[in-house]
> 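Handing you a structure now.
Numbers restart at 1 for each chain; the letters A, B, ... are given by sequence-line order, proteins then strands. Just so we're clear, the structure is a prediction, and the values are computed from it rather than from any experiment.
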Amino acid sequence: AQRVTQPEKLLSVFKGAPVELKCNYSYSGSPELFWYVQYSRQRLQLLLRHISRESIKGFTADLNKGETSFHLKKPFAQEEDSAMYYCAPGNAGGTSYGKLTFGQGTILTVHP
Amino acid sequence: KAGVTQTPRYLIKTRGQQVTLSCSPISGHRSVSWYQQTPGQGLQFLFEYFSETQRNKGNFPGRFSGRQFSNSRSEMNVSTLELGDSALYLCASRPTINTEAFFGQGTRLTVV
């Protein structure tokens, strides 16, 4: 069965500090990996997907197939990064294409 | 371009009743998926529709059903409501399967 683990429910850092949100997955086949973010009073939105290899708002995520991890990183956190972050592998093909399996989420708080 | 619209935003129902939630995807999007969000279970996949056909289904009882119309609008129905069905129900749309999912604001269902 597909499983996603985000070990930290809460993560607090100070502005300017590096931040890493952890995600480990157990998934059959070759999943496509996503990070979604939900800012206060806003809808859930895509932050980044590993296949595009883009850096969005200073965030990057490296897929480590050996460790089955997809940790989200930012070298210098900003107050506006405070939000709920979800790691979400999705099926990259087959009959379950398009289904996202969400982790429990990590609430990131960046203090001034 | 209008985003994903879910109606109603809030709903209060009594145990044993049934409820229908509606989702209007972004114009041109043919894929609609539904998720249930609760504090205990997090975000869980319900089902996905593409061109009026259900492509994927999550691990929910048969009381949860859905459909998609020719204009891509989707409805989900929950029959014989239970207290545990109280949740935020999110709808997401995509242009095709292999693209980013755009989420609606959700419908908050409370079962009393």
Side-chain angles (χ1 to χ4, degrees), chain A residues 1-10 21 23-25 27-54 56-57 61 83-107, chain B residues 1-7 9-10 23-26 29-51 53-60 66 68 72 74 87-108:
Chain A
Q2 283 83 340
R3 184 173 292 176
V4 185
T5 303
Q6 292 182 246
E8 304 118 340
K9 272 194 168 179
L10 302 168
L21 292 86
C23 171
N24 290 90
Y25 64 92
Y27 220 81
S28 58
S30 298
E32 186 170 4
L33 281 300
F34 301 87
W35 275 97
Y36 279 82
V37 61
Q38 188 166 28
Y39 300 102
S40 178
R41 298 198 188 95
Q42 294 188 29
R43 59 187 69 194
L44 197 59
Q45 58 187 284
L46 178 69
L47 180 62
L48 58 81
R49 58 195 294 186
H50 92 274
I51 197 169
S52 65
R53 298 185 180 277
E54 289 180 333
I56 307 294
K57 297 184 179 181
M84 171 76 102
Y85 291 80
Y86 293 96
C87 178
N91 287 58
T95 57
S96 294
Y97 201 100
K99 171 185 174 181
L100 292 170
T101 302
F102 284 90
Q104 291 282 44
T106 297
I107 299 173
Chain B
K1 204 174 193 181
V4 178
T5 304
Q6 292 186 246
T7 56
R9 290 291 310 279
Y10 303 92
C23 173
S24 293
I26 293 171
H29 287 197
R30 296 167 63 191
S31 166
V32 174
S33 50
W34 290 88
Y35 293 83
Q36 182 196 63
Q37 186 174 28
T38 59
Q41 300 297 320
L43 275 158
Q44 293 186 286
F45 174 79
L46 280 156
F47 25 66
E48 178 173 24
Y49 288 87
F50 183 81
S51 293
T53 302
Q54 186 180 88
R55 288 181 59 90
N56 289 298
K57 192 175 192 306
N59 295 324
F60 279 82
Q68 187 180 33
S72 294
S74 178
L88 180 67
Y89 290 87
L90 294 175
C91 166
S93 76
R94 310 164 182 249
T96 60
I97 298 295
N98 183 22
T99 48
E100 171 187 350
F102 293 84
F103 283 83
Q105 292 277 43
T107 293
R108 172 78 60 189

> Which heavy atom of B/Arg94 sits nearest to which heavy atom of A/Leu100, and what is that distance?
NH2-CG, 3.9 Å
> With rounding to the nearest 0.5 angstrom, report the CG to CZ distance, A/Leu46 to B/Phe102.
8.0 Å
> Please list, chain by chain and in numerical order, all residues satisfying side chain to side chain donor-acceptor pair (under 3.5 Å) with B/Arg30, sequence neighbours excluded.
B/Ser51
> Identify which part of B/Gln44 has an atom lying under 4.5 Å from any heavy atom of chain A, answering side chain, backbone, both or neither.
neither
> Short question: side chain of A/Arg43, backbone of B/Gly3 - any donor-acceptor pair under 3.5 Å?
no
> Side chain from CB out, backbone as N, CA, C, O: work out which of these in B/Ala92 comes under 4.5 Å of a heavy atom of chain A, or both, or neither.
neither
> Only counting residues at least two apart or in another chain, list the ones meeting side chain to side chain donor-acceptor pair (under 3.5 Å) with A/Gln104.
none
> Which residues in residues 35-42 of chain A have a heavy atom less than 4.5 Å from any heavy atom of chain B?
A/Tyr36, A/Gln38, A/Gln42
> Listed by chain and number, what are the ring pair (Phe, Tyr, Trp, His ring centres under 6.0 Å) partners of A/Tyr86, not counting sequence neighbours?
A/Phe102
